[in-house]
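For reference, the structure discussed in these notes is given below.
Sequential numbering from 1 along the given sequence is applied to the chain's residues.
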Amino acid sequence: STGGRLKTILNLKAKDLSNSNITLYDFKNNKSYTSFVSEVLLPNIADLVDGLEPNDYVIGRGQEIYSSRKIQRRLKKVLDQHFNNGLDVSDAKNRIVVHSLRHTFASLLVISGTPIYEVMRLMNHSSVEMTIRYAHLSPDSGKNAINSLFTPQA
């Protein structure tokens, strides 16, 4: 629920989770940023960090970091079974991979009406051009803004 890249999530430590705030380190852009955990998931997060020391990794629950390759290999089987079944091996365009979850996060934000600059911030994109690719998913994005202009304010 963070939209973070796999390496970011694998490097998540217990100290990075504080109430509904989560500090993520973006290895692609070499900077930390703050995001949020859905209130629906907060109980699960509490269970994840229960018994961990501040510098323990959340994934793997210890001092040793899981490798991206190991996680991708395990998740590939699940994604292939549920989403890629019967898909030609060379069909990279339609194949669901771990990184697809990041795109889904951004897409769902835009579809739900989140302003594009907020999506940009939550995705930790370095430019709005990276985020604007998702704008087409919100065809009625201006509708509420126009209607609010003509709605009497209380």
Side-chain angles (χ1 to χ4, degrees), residues 1-52 55-141 143:
S1 77
T2 66
R5 292 178 179 86
L6 180 59
K7 188 171 182 180
T8 297
I9 301 306
L10 291 176
N11 280 275
L12 194 61
K13 294 184 177 183
K15 67 182 177 185
D16 297 328
L17 299 162
S18 173
N19 299 323
S20 65
N21 291 340
I22 183 169
T23 302
L24 301 167
Y25 187 79
D26 186 342
F27 289 87
K28 183 176 181 181
N29 297 312
N30 293 318
K31 65 179 183 177
S32 293
Y33 65 104
T34 301
S35 192
F36 308 95
V37 175
S38 166
E39 291 179 10
V40 173
L41 297 176
L42 282 178
N44 301 36
I45 298 299
D47 289 344
L48 272 177
V49 298
D50 186 40
L52 293 180
N55 285 317
D56 285 348
Y57 292 103
V58 175
I59 307 298
R61 301 188 54 77
Q63 295 293 317
E64 187 177 328
I65 190 165
Y66 268 43
S67 74
S68 293
R69 176 176 273 175
K70 184 176 185 177
I71 294 293
Q72 285 183 349
R73 205 172 321 128
R74 287 184 179 179
L75 289 178
K76 182 184 182 312
K77 292 176 186 176
V78 174
L79 295 173
D80 283 350
Q81 178 185 354
H82 292 288
F83 300 104
N84 302 324
N85 194 9
L87 195 64
D88 188 88
V89 179
S90 63
D91 189 355
K93 181 179 179 184
N94 294 306
R95 182 165 300 287
I96 300 296
V97 295
V98 174
H99 194 74
S100 302
L101 301 173
R102 179 171 164 81
H103 291 286
T104 301
F105 180 76
S107 298
L108 291 172
L109 286 171
V110 171
I111 290 167
S112 70
T114 306
I116 204 75
Y117 282 101
E118 187 65 19
V119 175
M120 177 185 160
R121 189 185 72 70
L122 290 170
M123 297 297 293
N124 200 41
H125 285 158
S126 57
S127 70
V128 74
E129 287 77 22
M130 294 177 74
T131 314
I132 210 74
R133 295 179 288 183
Y134 301 98
H136 72 280
L137 297 171
S138 184
D140 293 335
S141 64
K143 187 176 185 179

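The two residues Ser126 and Asn29 make their nearest non-hydrogen contact at CB-OD1, 4.3 Å. Thr2 and Ser35 make their closest contact through O-OG, 4.3 Å (heavy atoms, listed as atom of the first residue, atom of the second, distance). What you find for Arg121 and Phe36 is that their closest heavy atoms are NH2-CE1, 3.3 Å. Closest of all the heavy-atom pairs between Gly4 and Ile9 is O-CG1, 4.0 Å. Taking every heavy atom of both residues into account, Gly60 and Tyr66 meet most closely at CA-CE1, 3.3 Å. Asp26 and Tyr33 make their closest contact through CB-CE2, 3.8 Å (heavy atoms, listed as atom of the first residue, atom of the second, distance).
Crowding of Phe27 atom CZ: a count of heavy atoms from other residues, nucleotides or ligands under 6.0 Å exceeding 12. Counting non-hydrogen atoms of neighbouring residues, nucleotides and ligands closer than 6.0 angstrom, the CG atom of Asn30 exceeds 12 such neighbours.
Remark: the backbone N or O of Met130 is paired with a side-chain donor or acceptor of Arg133 at under 3.5 angstrom. With hydrogens and angles disregarded, a donor-acceptor distance shorter than 3.5 Å links the side chain of Asp16 to the backbone of Lys13. In this structure, the side chain of Arg5 does not engage the main chain of Arg102 through any donor-acceptor pair within 3.5 Å. Counting only distance, with no hydrogens or angles, the side chain of Ser67 and the backbone of Lys70 share a donor-acceptor pair below 3.5 Å. Remark: the backbone N or O of Val37 is not paired with any side-chain donor or acceptor of Ser20 at under 3.5 angstrom. Side-chain atoms of Asn84 do not come within 3.5 Å of backbone N or O of Arg95 as any donor-acceptor pair.
The shortest distance between side-chain heavy atoms of Tyr117 and Val128 falls below 4.5 Å. Between Lys31 and Asn124, some side-chain heavy-atom pair lies under the 4.5 Å cut-off. Within the 4.5 Å cutoff, the side chain of Ile71 has no heavy atoms near those of the Val98 side chain.
Applying the side chain to side chain donor-acceptor pair (under 3.5 Å) test between Lys15 and each of Asp56, Asn55, Thr23 identifies Asn55 as the sole match.
Here Arg61 contributes atom CZ and Leu52 contributes atom CG; the two are 4.0 Å apart, rounded to the nearest 0.5 Å. Here Ile96 contributes atom CD1 and Asn85 contributes atom CG; the two are 13.0 Å apart, rounded to the nearest 0.5 Å. Here the CZ-CZ distance, from Arg69 to Arg73, works out to 6.5 Å after rounding to the nearest 0.5 Å. Atom CG of residue Asp50 and atom CD1 of residue Ile45 lie 12.5 Å apart, to the nearest 0.5 angstrom. The CG atom of Leu137 sits 5.0 Å away from the CD1 atom of Ile111 when rounded to the nearest 0.5 Å. With rounding to the nearest 0.5 Å, the separation of CG in Leu79 from CG in Leu101 is 6.5 Å.
Taking the six-membered ring for Trp and thresholds of 30 and 60 degrees, Tyr134 and His103 have ring planes inclined between 30 and 60 degrees apart.
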(message) Test side-chain contact (heavy atoms from CB on, under 4.5 Å) on Val97 and Ser100; report intermediate values, then the result.
(response) CA-CA 5 Å; Val97 295; Ser100 302; 3.6 Å; yes
(request) Please lay out, stage by stage, how Phe105 and Met123 fare under the test side-chain contact (heavy atoms from CB on, under 4.5 Å). (result) CA-CA 9 Å; Phe105 180 76; Met123 297 297 293; 3.5 Å; yes
(request) Let me see the working for Leu12 and Leu24 under side-chain contact (heavy atoms from CB on, under 4.5 Å), right down to the final yes or no. (result) CA-CA 7 Å; Leu12 194 61; Leu24 301 167; 4.0 Å; yes
